[in-house]
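First the proteins, then the strands, lettered A, B, ... as listed; each starts at 1.
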Protein chains: 2
Amino acid sequence: MSHQPLIDYFNKFIPLTEEEQSIVEEVFNERKIKRRQFILNEGDVSFVNTFVVEGCFRMYTVDDKGKEHNLQFAVENWWIGDIGSFHSEEPSKLYIEALENSIVLQIKKEDQLRLFVEYPKFNQIFRVFTENALVSSQRRTLQNISSTAEERYLDFMKRYPHFFNRISNVQIASYIGVTPEFLSKIRKEITSK
Amino acid sequence: MSHQPLIDYFNKFIPLTEEEQSIVEEVFNERKIKRRQFILNEGDVSFVNTFVVEGCFRMYTVDDKGKEHNLQFAVENWWIGDIGSFHSEEPSKLYIEALENSIVLQIKKEDQLRLFVEYPKFNQIFRVFTENALVSSQRRTLQNISSTAEERYLDFMKRYPHFFNRISNVQIASYIGVTPEFLSKIRKEITSK
DNA sequence: AAATAATCTTAATGTAGATTAAGATTTCTG
DNA sequence: CAGAAATCTTAATCTACATTAAGATTATTT
């Protein structure tokens with residue numbers, strides 16, 4: 001029954017037939033993930049793509065000094081995965097960790113490619129949401145080279161109010177690219193205005 | 001005859017039939033663009049998608065202090081356009097300017113959408129290269145929050161040797177997110193190592 | 001060819017954010 | 001519930017990069 005959020009998600013792009021819906025139920029596997037559990041580790045190839053039904057994840061790298069840098073968060077109805085590694089089958093440089101107890105639906109690469117071939121509608125669905133992801137990513141790129149940390153923090157709060165409170169300030173700092181100490185300072189300045 | 005580079009480009013993803021090739025020739029329009037000419041201005045809606053046959057472009061924003069920030073370059077066989085504005089039909093915040101005299105093939109939004117409906121193969125092609133663009137964009141995002149300017153400059157040189165010399169240092173500085181002065185300093189340090 | 005504009009370089013001074021250090025508070029675990 | 005761990009806050013000092021200024025060099029325009 002937990003495939004319904006994913007089917008609803010796809011239906012928002014293009015309505016699925018009954019047959020397509022049952023294929024989705026067949027090829028997407030449900031998993032329960034505990035808080036702090038990893039679904040991807042650096043060095044592994046990412047053979048699955050993941051849709052979040054319940055819970056929250058972060059995807060991050062660790063630099064040569066051991067510092068973590070958050071690339072993405074994902075909550076309900078979001079996708080998360082290293083698409084570079086998924087398609088190239090090269091070892092990923094990313095980790096994906098659950099920030100909360102979560103439920104996900106995962107599809108194996110071979111099943112996803114089969115889906116694209118047998119049901120071309122999914123090519124369109126995935127194209128559209130990949131384009132949306134690219135627009136977001138480009139906006140973030142521009143912010144990182146043109147905005148102050150405070151502007152980035154305020155934009156994050158404004159853009160993601162529905163999950164902003166579920167993420168610790170340490171993780172948010174790592175996402176906007178500053179230290180937790182500096183984020184604390186920014187927050188103090190904001191509340192004194 | 002200048003549709004051939006685009007047809008070759010598509011063929012690298014999936015071979016096109018003769019019919020698909022002639023459709024491409026029909027819906028993509030060739031334009032000659034002079035150096036410094038704009039093909040998109042802030043405030044306009046981007047109703048076209050652009051494939052570069054010859055030449056070089058940059059896509060950039062201007063911040064509230066008047067400073068330019070380069071989001072993307074595009075040379076032969078690359079796409080350039082504001083996909084956010086293209087799909088949402090909202091006014092773009094971006095400019096696209098030719099850095100050299102150029103030749104492009106452009107498709108109108110309505111033609112592109114028709115292409116997706118009538119020839120679903122193009123959904124797959126566009127999905128794949130959009131995924132590639134997203135992977136690049138995410139890598140750049142991580143660099144911007146974790147690497148020094150020098151590392152970013154060296155990575156840019158290494159990653160794009162085929163067009164690195166066609167772009168001025170001022171534009172490269174604006175792309176990696178530093179001032180031209182600082183880039184000059186970095187380059188001096190690199191040559192003294 | 002001369003004039004103009006753009007680019008590149010150099011260096012002193014300033015600043016947003018990092019690092020280091022540590023205490024206070026909150027959350028998690030057994 | 002007590003102890004441990006994680007998070008959050010605070011502040012002094014440091015640093016990567018920005019700003020300001022200007023000269024040298026190269027490219028473009030007339």
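- The shortest heavy-atom contact between A:Arg166 and A:Gly55 is NH2-O, 3.2 Å.
- For A:Asn169 and D:dT7, the shortest distance from a side-chain N or O to OP1 or OP2 is not below 4.0 Å.
- Between B:Trp78 and B:His162, the ring-plane angle classifies as tilted under the 30° and 60° cut-offs.
- Side-chain atoms of A:Ser168 lie closest to D:dT7 of the nucleotides D:dA16, D:dT7, D:dT9.
- Atom-to-atom, CD1 of B:Ile145 to P of D:dA16 comes out at 19 Å; the value is rounded to the nearest Å.
- Axis angle across the helix from C:dA1-D:dT30 to C:dG30-D:dC1, with five pairs used at each end and values rounded to 10°: 60°.
- For A:Thr148, whose side chain is taken as the heavy atoms from C-beta onward, the closest listed nucleotide among C:dA6, C:dG17, D:dC17 is C:dG17.
- In terms of phosphate contacts, A:Ser184 brings no side-chain nitrogen or oxygen within less than 4.0 Å of OP1 or OP2 of D:dC8.
- Counting any heavy atom pair closer than 4.0 Å across all strands shown, B:Lys188 reaches sugar-phosphate atoms only and no base atom.
- Toward the 5′ end of DNA chain C lies the nearest nucleotide of B:Arg36, the other residue of the pair B:Arg36 and B:Lys185 mapping further downstream.
- If you take CD1 of B:Ile167 and P of C:dA6, they are 19 Å apart, rounded to a whole angstrom.
- As rounded to whole Å, 13 Å separates atom C1' of C:dA18 from atom CG of A:Asp63.
- Taking the ring centroids of A:Phe116 and A:Phe126, they lie under the 6.0 Å cut-off.
- Remark: C1' of C:dC28 and CG of A:Asn101 are 13 Å apart, rounded to the nearest angstrom.
- Distance, A:Leu183 CG to C:dG17 C1': 12 Å, rounded to whole Å.
- For the pair A:Glu189 CD and D:dT10 P, the computed distance is 11 Å after rounding to whole Å.
- The two residues A:His69 and A:Asp63 make their nearest non-hydrogen contact at NE2-OD2, 2.7 Å.
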Test side chain to side chain contact (heavy atoms under 4.5 Å, CB included) applied to A:Arg140 and A:Asn144, step by step: CA-CA 6 Å; A:Arg140 191 165 163 213; A:Asn144 281 329; 3.9 Å; yes
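- Counted by atom type alone, A:Glu19 and A:Tyr119 present one or more donor-acceptor pairs between their side chains at under 3.5 Å.
- Among the atoms of the strands shown, none is found under 4.0 Å from any heavy atom of A:Lys65.
- Looking at the side chain of A:Lys67, the nearest of the listed nucleotides C:dT19, D:dC17, C:dC8 is C:dT19.
- In this structure, of D:dA18, C:dA6, C:dA18, it is D:dA18 that holds the atom nearest to the side chain of B:Val178.
- The nearest heavy atom of DNA chain D to B:Gly177 and to B:Arg35 marks one nucleotide each, and the one closer to the 5' end goes with B:Gly177.
- With C:dT19, D:dA21, D:dA6 as the candidates, the nucleotide lying closest to the side chain of B:Glu181 is D:dA21.
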Begin with the C-alpha distance, continue with both residues' side-chain angles, and end with the deciding distance and a verdict on salt bridge (charged side-chain N to carboxylate O under 4.0 Å, His left out) for B:Arg35 and B:Glu97. CA-CA 8 Å; B:Arg35 182 167 177 269; B:Glu97 176 188 37; over 6 Å; no
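- Separating the CD1 atom of A:Ile176 from the C1' atom of C:dG17 is a distance of 11 Å, rounded to the nearest angstrom.
- Between B:Arg187 and the phosphate of C:dT9, there is a side-chain N or O to OP1/OP2 separation shorter than 4.0 Å.
- D:dA27 atom C1' lies 15 Å from atom CD of B:Gln171, rounded to whole Å.
- Using a 3.5 Å distance cut-off with no hydrogens or angles, the side chains of A:Arg58 and A:Gln72 do not pair a donor with an acceptor.
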